[in-house]
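Every number for a ligand or one of its atoms is a count from 1 in the order of the listing. Predicted model, so just to flag it, every value in this text is computed and none were measured. We use all heavy atoms of the structure for the numbers below, so side chains are in, but hydrogens, waters and symmetry mates are not.
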Amino acid sequence: MPQAKLTDRFGRTVNYVRLSVTDRCDFRCVYCMAEDMTFLPRQQVLTLEEIARLARNFVALGTEKIRLTGGEPLVRKDILELVREVGTYGLRDFAMTTNGSQLPTMAEKLRKAGLHRLNISLDSLDSEKFRSITRTGNLQQVLDGIDAARDAGFRGIKLNTVVMKGRNDEEIPELIEFARKKQVDISFIEEMPLGEISEHDRGLALCTSEEVREIIRRRHELIPVAKDSGGPARYYQMPDSDVRVGFISPHSHNFCSTCNRVRVTVEGRLLLCLGNEHSVDLRRVLRGNPVTDDKLQQAIIDAMDLKPERHHFSSNGEVQILRFMNMTGG
Ligand code: SAM
Ligand code: SF4
């Protein structure tokens, strides 16, 4: 492994990069997108070669973990080629976040192409509710996708659930039983104020991680997992199961002091923090003349000075960040 070279002004080492491979998606989840989204023109979007080049240079700077995300990464044409390429970079951890709709046909191919782990979003086990949250999604397709992922033998599979009051909070016990039955981990996420939405009031819908834990504790003891991954999620286990239950709580638990990650949007904007606008245009460097790996690496190293100390999400649902999650790369 190369020496870690990415350190910010607060002494945090950055060794985890989330790369958004598309802003497009086959779903329109109510917390993530407006119903009538306009997507980026193709020439503004990085090519797969440009994304791979970025990934390679981050690895040269000590990145050990890459997650491909979006938008929906599996709607990007030729995504398997990118997975195959990045799979050769010797990463300690190579993961993808997906809505699962394409997994029935893609899971095994992704595993064979070298992907280690999958996060699959699942907000409801009721097909009508699932449709109303995702606006276009088909629950059965995603459930089949989860089974296909299990069969494909990934190192780890985790479900992600954004909890909204009055929407899917009543399903928390069912989702826990589902995760236990399928032997996959599950994380509950507090909705973040990214992008302007009119479909619901985020302040009213916020269900805090503590509230979710209380609901789970009615049926199961939750024992904190001693060794934390250092990421934003806090993990617990139930006494009679290996399944880990995570909580991602941007509102109620500030995890910024251990932040080890940056994101790159599909336009090549390096985002230093999910909850701030600080960014550097890497596409300009990638499309400069001449473009060299040295220039690219220097731009990434220089960007570390912009990484802010913390985010300032408030819990009243007020939008502080105008970009939607599908642009940010969740
Ligand atoms: N399309 C893929 C999926 O849904 O898993 C990957 C991209 S999606 C933006 C990544 C994750 O961000 C999903 O688990 C989604 O539920 C979550 N997400 C989207 N908008 C969010 C928001 N406003 N607050 C919290 N989580 C959000
Ligand atoms: Fe698409 Fe994922 Fe956003 Fe839902 S959360 S609209 S699946 S990008």
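Backbone or side-chain N, O or S atoms of Cys32 reach atom 3 (Fe) of ligand 2 at under 2.8 Å. Contact annotation: Cys29 places no N, O or S atom under 2.8 Å from atom 1 (Fe) of ligand 2.
Residue contact check: Thr98 has heavy atoms under 4.0 Å from atoms 2 (C), 3 (C), 5 (O) of ligand 1. Shown in contact with Gly70 at under 4.0 Å from a heavy atom are these atoms of ligand 1, numbered in order with element: 7 (C), 9 (C). Every atom of ligand 1 is numbered from 1 in the order shown, and the set under 4.0 Å from a heavy atom of Thr69 is 6 (C), 7 (C). Below 4.0 Å from some heavy atom of Glu190 lie the following atoms of ligand 1, by number and element: 25 (C).
For Asn168 (side chain) and Val162 (main-chain N/O), a donor-acceptor pair under 3.5 Å exists by modelled atom type. Under a 3.5 Å cut-off, the side chain of Arg84 and the backbone N or O of Ala113 do not form any donor-acceptor pair.
Not close to ligand 2: Ser121, with no non-hydrogen atom less than 4.0 angstrom away.
Residues Thr22 and Val75 form a side-chain contact, since some pair of their non-hydrogen atoms from C-beta on lies under 4.5 Å apart.
With atom 1 (N) of ligand 1 as the reference point, the heavy atom nearest to it among Gly137, Cys25, Gly71 is part of Gly71.
In summary, the side chains of Tyr31 and Arg202 do not present any donor paired with an acceptor at a separation below 3.5 Å, with no hydrogens or angles considered. Counting only N and O atoms by type, the side chains of Gln237 and His220 include no donor and acceptor under 3.5 Å apart.
Phe94 does not carry Arg117 over the face of its six-membered ring by the limits of under 6.0 Å from the centre and within 45° of the normal.
For a threshold of 3.5 Å applied to N or O pairs, the pair formed by Tyr31 and ligand 1 contains at least one separation below that value. Looking at ligand 1, you'll find an N or O of Met192 within less than 3.5 Å of one of its N or O atoms. The N/O atoms of Ser121, backbone and side chain alike, include one that comes under 3.5 Å of an N/O atom in ligand 1. Looking at ligand 1, you'll find an N or O of Glu72 within less than 3.5 Å of one of its N or O atoms.
Criterion: ILVMFWY side-chain heavy atoms under 4.5 Å apart, direct or through other members. Under it, Ile172 and Ile223 are not part of a common hydrophobic cluster. In the hydrophobic clustering of this structure, Leu175 groups with Leu222; members are Ile, Leu, Val, Met, Phe, Trp, Tyr whose side-chain heavy atoms approach within less than 4.5 Å, directly or through other members.
If you look at Asn119 next to ligand 1, there are no close heavy atoms at all, none under 4.0 Å.
Remark: Ala55 pairs with Leu19, Ile66, Val86, Tyr89 by the side chain to side chain contact (heavy atoms under 4.5 Å, CB included) rule, at least two apart or across chains.
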